[in-house]
Amino acid sequence: MNTKILKINVNSPEADKIEYAAKALKEGGTVAFPTETVYGLGADALNTEAVKKIFEAKGRPADNPLIVHISKIEEVDKLVESVSNDAKKLMSAFWPGPLTIIMKKSNIIPQIITAGLDTVAIRLPSHPIARELIKTAGIPIAAPSANISGKPSPTIAQHVVDDLFGKVDVIIDGGTAAVGLESTVIDMSSEVPALLRPGGITYEHLREILGDVQIDPAMLSKINADVIPRSPGMKYTHYSPNAEVVIVEGEKEKVVNAINQLVEIKRNKGLKVGVMALDETVKRYKADYVFSVGSENKPETIAANLFYKLREFDQVGVNIIFAQSVSEKGIGMAIRNRLNKAAGYNIIKV
Ligand code: AMP
Ligand code: MG
């Protein structure tokens, strides 16, 4: 397939380029575009044949449902059965922005979107290119992250090119995705709201609006193979670079010492070793490649850098990455969730 790459200005998206991409979507094509969370791979959410192309390009399991993106709050009404008062409160507090809300679906949502569930996940992104594109196309857009299934999500257009060039119709280059992690997912379809995936909108933010919010147990720890998770995506390996990832957790000095010892053991075995450090500790590691994901005092920066750095370790070709753990406060919950999954819950406590 011929993939067209379109460089679009974030602050004032060029109308002719937006129209080109919108036309591709209306005609049942696939378009990768930047959002404030990560790059998404979009298709017409109401066109089953178009949505199939997303699953094919990504190699995504068919039982993992997609998030539907809209450009105005009013567009929600025709996609769901009804909108509860609490869901309305979330929309006015956090939309446009990195929050996905799950509600009972209406009849116009095709099966392929929800993988057969009776609920649908909806988000109104804040990124100017995403919003212009969805508005111009005039249709709701299904869009998972624009990576090969299982790989770290793309935060720049080059990541999308690396994974999907030749497999999609258009890739929009609109710079760096600011949040760097996928949206927070909250299920509002049941009695008590349940947080299914942490993200840029934190648990604390949600509790301010809703009071009671359940944390789904599958979110922070490994789930057993025999459990059916509320969010099908939870059961899959995610965000994994080619290298093995090991998290080392504990008091800072102990972590630094333990990682340096582990690095030496692996290097003596002839492996190429990477360390994912923080600004505060980056100079203290000796390994083949040491990258910092940011300062421990700036978790937003760590979130923005995490997937980028995991992909960078693959580019330099390390066999194993030792990652220093980060605090779970605020957006730290989302960082740890992604890092835990990238490591397949391979965590050493010191
Ligand atoms: P992605 O688009 O790849 O970032 O993943 C979307 C996430 O939302 C996955 O973990 C899905 O399993 C989850 N999801 C989408 N729709 C639903 C739904 N109706 N109910 C529960 N989880 C959903
Ligand atoms: Mg994804």
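In this text, all values refer to a predicted model and were calculated from it rather than measured experimentally.
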Next on the checklist: Any carboxylate oxygen within less than 4.0 angstrom of a Lys/Arg side-chain nitrogen, looking at Glu264 and Arg267?
Outcome noted: no
Next on the checklist: Less than 4.5 Å apart, side chain to side chain, heavy atoms only: is that true for Glu132 and Ile8?
Outcome noted: no
Checklist entry - Is Glu244 salt-bridged to Lys266, going by a charged N under 4.0 Å from an acidic O? => result no
Checklist entry - Between Ser84 and Asp86, does any side-chain donor sit less than 3.5 Å from a side-chain acceptor? => result no
Checklist entry - Shared ILVMFWY cluster between Ile156 and Leu306, side chains joined below 4.5 angstrom? => result no
Checklist entry - Is Val51 linked to Ile122 within one hydrophobic cluster, defined over Ile, Leu, Val, Met, Phe, Trp and Tyr using a side-chain heavy-atom separation of less than 4.5 Å? => result yes
Checklist entry - Considering only heavy atoms from C-beta outward, does the side chain of Arg284 approach that of Glu253 to under 4.5 Å? => result yes
Checklist entry - Is there a side-chain contact between Trp95 and Val76 (heavy atoms, below 4.5 Å)? => result yes
Checklist entry - Hey, are the side chains of Asp173 and Tyr39 touching, using non-hydrogen atoms and a 4.5 Å cut-off? => result yes
Item to check | Sub-4.5 Å side-chain heavy-atom contact between Arg338 and Pro152 | outcome: no
Checklist entry - Where the side chain of Ser92 meets the backbone of Lys89, is there a donor-acceptor pair that is under 3.5 Å apart? => result yes
Item to check | Side-chain donor-acceptor contact under 3.5 Å, Tyr285 with Gln324 | outcome: yes
Next on the checklist: Just verifying a value: how many Å separate Ile335 CD1 and Glu328 CD, rounded to the nearest 0.5 Å?
Outcome noted: 10.0 Å
Next on the checklist: So, taking the atom named CD in Glu300 and the one named CG in Leu181, what distance separates them when rounded to the nearest 0.5 Å?
Outcome noted: 10.5 Å
Item to check | Shared hydrophobic cluster for Val293 and Val316 (ILVMFWY, side-chain gaps under 4.5 Å) | outcome: yes
Item to check | Lys104 side chain vs Thr119 backbone, donor-acceptor pair below 3.5 Å | outcome: no
Item to check | Val160-Leu66 co-clustered via ILVMFWY side chain contacts under 4.5 Å | outcome: yes
Next on the checklist: What I'd like to find out is whether the side chain of Leu25 reaches to under 4.5 Å of the side chain of Asp44, using heavy atoms alone.
Outcome noted: no
Item to check | From CA spacing to verdict: side chain to side chain contact (heavy atoms under 4.5 Å, CB included), Leu99, His205 | outcome: CA-CA 11 Å; Leu99 178 71; His205 289 143; over 6 Å; no
Checklist entry - Is a donor on one side and an acceptor on the other found under 3.5 Å between the side chain of Asn319 and the backbone of Lys272? => result yes
Checklist entry - Is any side-chain heavy atom of Pro299 closer than 4.5 Å to a side-chain heavy atom of Val326? => result no
Checklist entry - Do Ser292 side-chain atoms and Asp279 backbone N/O form a donor-acceptor pair below 3.5 Å? => result yes
Next on the checklist: Has Asp288 got a side-chain atom pairing as donor or acceptor with Val273's backbone, closer than 3.5 angstrom?
Outcome noted: yes
Checklist entry - Would a distance-only check, ignoring hydrogens and angles, find a side-chain to backbone donor-acceptor pair under 3.5 Å from Arg207 to Val213? => result no
Checklist entry - Counting N and O atoms only, with roles assigned by atom type, does the side chain of Thr184 sit under 3.5 Å from a partner on the main chain of Gly199, one being a donor and the other an acceptor? => result yes
Checklist entry - Out of curiosity, does Leu339 fall in the hydrophobic cluster containing Ile348 (side-chain heavy atoms, cut-off under 4.5 Å, transitive links)? => result no
Item to check | Main-chain N/O of Pro125 paired with Glu36 side-chain donor or acceptor, under 3.5 Å | outcome: no
Checklist entry - Looking only at atom types and distance, does a side-chain atom of Asn340 sit under 3.5 Å from a main-chain N or O of Tyr345, one as donor and one as acceptor? => result no
Checklist entry - Counting distance only, does the side-chain N/O of Arg123 pair as donor-acceptor with the main-chain N or O of Ile101 below 3.5 Å? => result no
Next on the checklist: Applying the side chain to side chain donor-acceptor pair (under 3.5 Å) criterion to Arg311, which one of Asp163, Thr155, Asn242, Asp162 satisfies it?
Outcome noted: Asp163
Checklist entry - Under a 4.0 Å N-O cut-off, is there an ion pair linking Glu204 with Lys329? => result no
Checklist entry - Going through the checks in order, is the side-chain hydrogen bond (donor to acceptor under 3.5 Å, both in side chains) test met by Glu182 and Ser145? => result CA-CA 8 Å; Glu182 304 80 358; Ser145 51; 4.9 Å; no
Checklist entry - Do Glu280 and Lys252 sit within salt-bridge range, that is, some charged N less than 4.0 Å from a carboxylate O? => result no
Checklist entry - Would a line drawn from the ring center of Phe291 to the ring center of Phe313 be shorter than 6.0 Å? => result yes
Item to check | Working for salt bridge (Lys or Arg N to Asp or Glu O under 4.0 Å), residues Glu75 and Lys135 | outcome: CA-CA 11 Å; Glu75 293 164 37; Lys135 195 173 92 189; over 6 Å; no
Checklist entry - Would you call Glu56 and Lys53 a salt bridge, taking side-chain N to carboxylate O under 4.0 Å as the test? => result no
Checklist entry - Are any of the side-chain heavy atoms of Leu90 and Ile201 separated by less than 4.5 Å? => result no
